[in-house]
Amino acid sequence: MLKTKIQRPPVVAVLGHVDHGKTTLLDHIRKSNVAAREHGGITQHIGAYQITLKDRKITFIDTPGHEAFAKMRSRGAVASDIAILVVAADDSVKPQTVESITQIKAAGVPIIVAINKIDLPGANVDKVKSDLAKVGVQVEGFGGDIPFTQLSAKTGKGIPELLDLILLVSEMNDLKSDSKAPFESVIIETKIDKGKGLVATLIVKQGSLAVGTPLFEGAKNIGRVRALINEKGERLDVLNPGDPAEVLGFSKLPSIGALVHESAQAEKQILQAQVPARDLAGFMAAMAEADKKKLTILLKADTAGSLEAIVASLPKDRVVIVRRDLGDITEADILDAKSSKAFVVGFNVKAAPSIEKLARTEKVVYRTYTIIYELLKELGDVVEGLEEILAPERELGIGQIIAEFPYENLRVAGTKVLSGRLARGDTVKIVRKEEEVARGKIKSMKKVKEEVNKVEEGADCGILFDKKVDFELGDAIIAVTI
Ligand code: GDP
């Protein structure tokens, strides 16, 4: 049998907190690449690029950030083989560093830590290492075996070492793909170009792609390859595993993260969750079951001002905000909410239909509001509802039995309400000398001769229980939540 498994270039994604230097690093690598320099250094952004180092190729996904990564993963397509986690040495681990780590681990991709901005006076590499260890990323020499490099994306110092490390990690992972297998690729970027029409950048996962190859997303034919163009604007004849290129010839643009094949594939079943995306009651029940006493939310808003106003109005002792951000609800938000078991709250922001679908699949609950009052009220109701579910038992009112009247064959308890209130339908405990002697429900109440639903503190009433209760004069009637 013919051996068709070939070594292929590693596909590398760059993740990390905003401003930690992802774009600068990707730009530096692209610009300092020999092939690019030979070409005059003119490259265009197509969402991915390839460099050649020691006769080996490396493909970089040029859309930094964990959002893009999450988007692909949410469709089951792990486009990259290696993830570079960029952490600025002067800023250390930040929320999006942690989110990136969660995404990378969920995807099961090896990590290389790149401690960036070491040229800055405030750089503290040891702090980064120890902070990373606290969030589960133990680098070499610091209790773990995750490779790391120190660099400056600005000056270029340390970048050759990073590239060597990428080759080393890819060798260790023995990346091979079948070039003769049916073609499969993952979509990295899409756009509508005035001159070229519908354009999508893809990276080949297996097989090869040439001009004329039909393109399918699921069972749907979405075009035929008219041209393959790399980031240097060169037309290519064929793409092999690990190669990126802009593809022309689409009749319909696939979505980012979609898998594109050369023939029809069975449509992927999208699992319908039992919990509808907007079901707050279901969310509360799940939280109560987990005995979570605080409401965990991921908050999105349109402006910094409204974000601030909402945060200031939420009860801090009862609501935990795992992340707050500006902008529409994204796939990364839903995935983060899933991992932190949070409820996604959006104010004056939108959630695309694809988000609704993803939320259902991932069983994440989200809500959007346009009126702050409504948002706060609903969150308040959830918090209260949770409290009621979880509270050991809350007293609603206390009365004392001060008289007894016969009523048909039953006993009516003449009661004085000492505090709170007693109401029809309440569950009550009968307490004698601080001990509960019976439990029942208030079936009906009379004030003088009139049937009433509720009696407040200070008033007297006659109470009929739903079953026979052996009360005595002097017993307390305590209405409780159940
Ligand atoms: P991104 O949001 O992670 O893509 O971060 P950028 O690449 O946009 O970088 C954010 C800022 O940090 C920019 O002003 C960069 O010039 C700067 N920066 C990036 N890398 C370095 C570095 O190694 N040293 C210094 N001093 N500044 C850097």
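Numbering of ligands and ligand atoms starts at 1, following listing order.
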Tested for side-chain contact (heavy atoms from CB on, under 4.5 Å) against Leu236, the lone hit among Leu228, Leu209, Val211, Asp243 is Leu228
Going by the 4.0 angstrom heavy-atom rule, the piece of Asp119 near ligand 1 is side chain
*Under 3.5 Å: N/O of Ala153 near N/O of ligand 1*: yes
So the atoms of ligand 1 within less than 4.0 Å of a heavy atom of Val18 turn out to be 2 (O)
Taking only non-hydrogen atoms of His20 and a 4.0 Å limit, the atoms of ligand 1 in range are 3 (O), 5 (O)
If you compare Lys117, Lys157, Gln96 by their heavy atoms, the one closest to atom 17 (C) of ligand 1 turns out to be Lys117
In ligand 1, the atoms that come under 4.0 Å of a heavy atom of His17 are 3 (O)
Checking heavy atoms under 4.0 Å, the part of Thr24 that sits near ligand 1 is both
**Close aromatic pair by centroid cut-off 6.0 Å: Tyr49 and Phe60** = yes
Contacts satisfying side-chain hydrogen bond (donor to acceptor under 3.5 Å, both in side chains) that involve residues 150-160 (not counting sequence neighbours) are Asp119-Ser152, Ser152-Thr155
With sequence neighbours left out, the residues meeting side chain to side chain donor-acceptor pair (under 3.5 Å) with Arg324 are none
Worksheet item: In this structure, are over 12 heavy atoms from other groups packed under 6.0 Å from Asp126 atom CG?
Response: yes
Heavy atoms of other groups near Lys377 NZ, more than 12 under 6.0 Å
no
**Asked** Would one find more than 12 heavy atoms of other residues, nucleotides or ligands at under 6.0 Å from atom NZ of Lys94?
**Response** yes
One finds that the ligand 1 atoms under 4.0 Å from a non-hydrogen atom of Leu120 are 26 (N)
The atoms of ligand 1 lying under 4.0 Å from a heavy atom of Ser152, numbered in the order shown, are 22 (C), 23 (O), 24 (N)
Under 4.0 Å between heavy atoms, the region of Lys154 that gets near ligand 1 turns out to be both
Do Ser185 and Lys205 have side chains that get closer than 4.5 Å, going by heavy atoms? no
Numbered in order shown, the ligand 1 atoms found under 4.0 Å of a heavy atom of Asp19 are 1 (P), 2 (O), 3 (O), 5 (O), 10 (C), 12 (O)
